[in-house]
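Working notes, beginning with the structure itself.
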Amino acid sequence: MPSSVQILGTGQLLELSRRLRAAGGPRLRQNTARRIRRAAEPLQKDLQDTIRTVELAGSGRKVRGGPSPTNRPLRAALAGAVRISVRSGASPGARVWLDHSRLPDDITAGVAARIDDGRLRHPVFGNGKRWTNQWARPSGWWTKTVQDGMPRMRAEVDRIRDDVRRDLQ
């Protein structure tokens, strides 16, 4: 289920953040934040690419319908809502998340989670009396992509932490 992915320093990043603050180097803090953001960018790109390629197969039309009421693709809108945020204060780390405020009004926040689960049930062209199912293939676009990308992201954040620690010594 899409939520946010966070790399948080329980102890190591917190200790590093305190030392950065004590060293008084805003340039070093900005550099560290930039490198942590760059470590999260491949995961963000992978999530965006994955949702763009998820097949949403329907059960087929039984009766011919009219044109779609929207001209905006669902998967592109979801891909555009995947964001990164980096914190360097009391709780330092990187977060990759789905920003629901960047989604159009007619796409609810739970759509991404339902696609991740593998089944999207929705009214046919907004008609509340007729509902249909669409099946996401492959399912788990968020969870599987995050599981595959987390080791790389963690390794890069560890490398950044070690580099900064070496600079502070």
Should [X] and [Y] count as side-chain neighbours, where that means a heavy-atom distance under 4.5 Å?
| X | Y | value |
| --- | --- | --- |
| Arg137 | Val54 | no |
| Arg121 | Gln134 | no |
| Ile51 | Thr145 | no |
| Gln48 | Leu43 | no |
| Asp46 | Val146 | no |
| Arg83 | Val96 | no |
| Ile36 | Ile160 | yes |
| Leu47 | Leu98 | no |

Atom of [X], atom of [Y] and distance for their closest heavy-atom approach:
| X | Y | value |
| --- | --- | --- |
| Met153 | Ala94 | CE-CB, 3.8 Å |
| Ser139 | Lys144 | O-NZ, 3.3 Å |
| Leu103 | Ala77 | CD2-O, 3.6 Å |

To the closest 0.5 Å, what do you measure between [atom1] ([X]) and [atom2] ([Y])?
| X | Y | atom1 | atom2 | value |
| --- | --- | --- | --- | --- |
| His122 | Arg130 | NE2 | CZ | 11.5 Å |
| Trp141 | Asp117 | CH2 | CG | 11.5 Å |
| Arg37 | Arg95 | CZ | CZ | 12.5 Å |

Just checking Arg38: does its CZ atom have more than 12 heavy atoms from other residues, nucleotides or ligands closer to it than 6.0 angstrom?
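Count not over threshold, so no.
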Hey, does the side chain of Asp99 reach the backbone of Ser101 with a donor-acceptor pair shorter than 3.5 angstrom?
yes
Could you check whether any side-chain N or O of Trp131 sits under 3.5 Å from a backbone N or O of Gly128, counting only pairs where one atom can act as donor and the other as acceptor?
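Yes: the side chain of Trp131 pairs with the backbone of Gly128.
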Quick test of your reading of the model: are Glu156 and Arg159 salt-bridged, counting only N-O distances below 4.0 Å?
yes
Taking only residues two or more places apart in sequence, or in another chain, which ones meet Lys45 in a salt bridge (Lys or Arg N to Asp or Glu O under 4.0 Å)?
Asp49
Looking at residues at least two apart in the chain, or sitting in another chain, which of them share a side chain to side chain donor-acceptor pair (under 3.5 Å) with Arg35?
Asp163
Verify the distance criterion only: is there a donor paired with an acceptor across the side chains of Asn31 and Arg34 at less than 3.5 Å?
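Judged by distance alone, the side chains do pair up.
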